[in-house]
Protein chains: 2
Amino acid sequence: MTALKRIEREPLWDLAHAQLRDALLAGRFAPGTVLTLRALAESFGTSITPVRDAVTRLVAQGVLQQGPRNAAIVPHLTARELGDLTVVRCALEGQAAREAARRCNTAGLERLKSLLATMQSLIAAKNLESYLDYHRQFHFEIYAMSGVPILVETIENMWLRCGPVLSFVIPEYVVLLKGWDHHTAALKAIVAGDADAAEREIVADITEAADYLASLADANGQLRRPLREALATS
Amino acid sequence: MTALKRIEREPLWDLAHAQLRDALLAGRFAPGTVLTLRALAESFGTSITPVRDAVTRLVAQGVLQQGPRNAAIVPHLTARELGDLTVVRCALEGQAAREAARRCNTAGLERLKSLLATMQSLIAAKNLESYLDYHRQFHFEIYAMSGVPILVETIENMWLRCGPVLSFVIPEYVVLLKGWDHHTAALKAIVAGDADAAEREIVADITEAADYLASLADANGQLRRPLREALATS
DNA sequence: TTTTGGTGTTTGTTATAACAAACATCTTAA
DNA sequence: TTAAGATGTTTGTTATAACAAACACCAAAA
């Protein structure tokens with residue numbers, strides 16, 4: 001009788017965490033900004049307790065850095081740090097692709113083919129926003145196929161640390177540098193069960209994108225958005 | 001004039017975090033135990049606010065699992081999960097060893113030689129407690145040599161997730177299975193700048209220890225301490 | 001002009017109280 | 001005897017107030 005019992009009592013700090021995370025990923029906070037607990041609480045319409053939990057969690061994940069007086073600051077990603085992240089990502093995502101090539105299943109392969117087709121049509125339509133979303137889904141469909149949850153979780157953390165930089169890719173890069181070609185090659189390697197090729201293609205995809213992003217760095221090693229107006233905090 | 005200004009005002013939640021972390025690593029909490037905020041607060045002599053911060057951070061790091069009602073429970077590591085962790089560790093620590101072989105410096109190499117000598121003498125003295133400590137230092141001295149902070153940080157997180165299982169190795173294993181031989185071989189590979197050999201030795205060290213631990217699993221895949229009385233919660 | 005001292009504000013930290021959901025226990029009716 | 005309901009306890013969640021350190025700003029003395 002209590003079929004509609006679904007309370008969905010999600011805690012406020014969980015909502016705050018998700019919203020903060022998305023805002024960070026979308027680059028809605030300028031790098032270097034100190035996130036004040038009281039200011040965030042006001043913008044969320046809650047007390048500081050839930051936002052404190054959310055910020056604590058984000059700092060523990062490495063998504064936010066902690067400043068001098070334990071203040072949470074949104075990190076600027078230097079070219080050096082992007083290179084470090086690329087090393088870790090290649091190790092993790094390369095291994096995940098390798099495992100995926102061994103344990104691939106037909107259902108997952110169908111999803112990958114579908115995602116790849118969607119990505120190609122979005123490229124043709126020059127719809128970058130949606131493309132980045134499906135691009136993320138494509139990668140993580142592969143990683144989920146590895147069957148190693150901790151690996152997927154750790155890779156997600158690295159993507160979070162890359163933060164808004166992932167959205168810096170401009171359509172010209174995606175179209176001209178044949179970046180998606182590694183995606184089709186990776187999928188082909190996975191269906192063939194070729195772990196070496198799968199790893200090689202994923203690593204190439206990551207490093208080529210990272211090299212492109214590194215070329216955007218200024219003299220101080222700061223990475224900035226290429227064109228496209230940068231939205232302020234909100 | 002204010003030379004002795006060092007206040008060392010470390011927050012309470014930082015102390016609670018460190019103590020909880022060490023207790024988890026030492027296996028002082030039985031797997032499956034639900035950590036109650038009020039009970040922890042009483043044991044620390046503080047209010048629940050600092051321990052809540054500490055627990056939130058540990059859950060975000062993946063060191064603690066969150067139970068049904070957002071309760072923090074200390075995870076039991078199954079043989080399956082240990083295998084997953086081993087895959088991730090091999091990818092990360094293998095890459096770190098590879099980088100260390102490229103960027104090795106004389107100061108670090110001296111520290112590694114010293115640590116290795118200490119480890120061998122501790123093995124001879126059958127002092128397992130101290131050995132495990134120096135064993136940890138030896139590994140992370142290599143990883144720090146990679147010069148990739150994010151890589152080191154991620155590896156630390158994996159070691160935390162392995163939790164108390166790392167202390168399950170018994171002296172017989174360390175002495176008989178020549179486990180430390182991989183350590184000398186890894187150091188030799190690093191001084192020679194042989195990245196392939198360094199990765200191979202570190203991976204072998206990890207997988208051999210993991211295989212030994214997996215042999216301790218019961219029919220349910222639960223990993224338990226071999227002999228040695230298991231200390232209760234406190 | 002520069003430096004020193006004070007004052008008010010900002011901000012993270014901690015304790016405490018109140019709340020609601022979940023669990024446990026016991027009573028009562030069929 | 002068993003099942004259903006009431007009740008008290010446990011426990012995470014949230015708001016609020018108070019505290020202390022750090023910062024910002026300004027005034028006064030050298």
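The structure presented is a predicted model; accordingly, all values stated were derived computationally and were not measured. So that the names make sense, note that chain A is the first sequence line, chain B the second, and so on, each numbered from 1.
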Enumerate the protein-to-nucleotides 6-8 of chain C contacts in which both atoms are nitrogen or oxygen and the separation is below 3.5 Å.
none

Revision key, fill the gap. Assign each of B:L35 and A:P68 the nucleotide of DNA chain D bearing its closest heavy atom; nearer the 5' end lies the nucleotide of B:L35

Check your understanding: Knowing that exactly one of A:V87, A:L92, A:T86 qualifies, which makes a side-chain contact (heavy atoms from CB on, under 4.5 Å) with A:C90?
Key -> A:T86

Practice item. Determine the interplanar angle of the B:H139 and B:H183 rings, folded into 0 to 90°, and report it as parallel if under 30°, tilted if 30 to 60°, perpendicular if over 60°. Key: perpendicular

Review point. Separation of A:L40 atom CG from C:dG12 atom C1', in whole Å?
Key: 13 Å

Point to revise | Contact check, side chains of B:V59 and B:V55, non-hydrogen atoms, under 4.5 Å | key: yes

Check your understanding: Judged by atom type as modelled, is there a donor-acceptor pair below 3.5 Å linking the side chain of A:R102 to the main-chain atoms of A:S146?
Key -> no

Check your understanding: Are A:D53 and A:R57 close enough, and set up right, to give a salt bridge (charged side-chain N to carboxylate O under 4.0 Å, His left out), and what steps lead you there?
Key -> CA-CA 6 Å; A:D53 283 357; A:R57 176 181 278 212; over 6 Å; no

Review point. When every nucleotide of nucleotides 13-20 of chain C is labelled 5' to 3' by its protein contacts under 4.0 Å (heavy atoms), B for base, S for sugar-phosphate only, - for none, what sequence of letters results?
Key: BBBB-B--

Review point. According to the salt bridge (charged side-chain N to carboxylate O under 4.0 Å, His left out) rule, which pairs have a member within residues 63-76 of chain B, sequence neighbours left out?
Key: none

Revision key, fill the gap. On a heavy-atom basis, the closest approach of A:A91 and B:Q95 is CB-CB, 4.0 Å

Exercise for review: Step by step, work out the side chain to side chain contact (heavy atoms under 4.5 Å, CB included) result for A:V88 and A:R161.
Suggested key: CA-CA 11 Å; A:V88 180; A:R161 285 168 124 109; over 6 Å; no

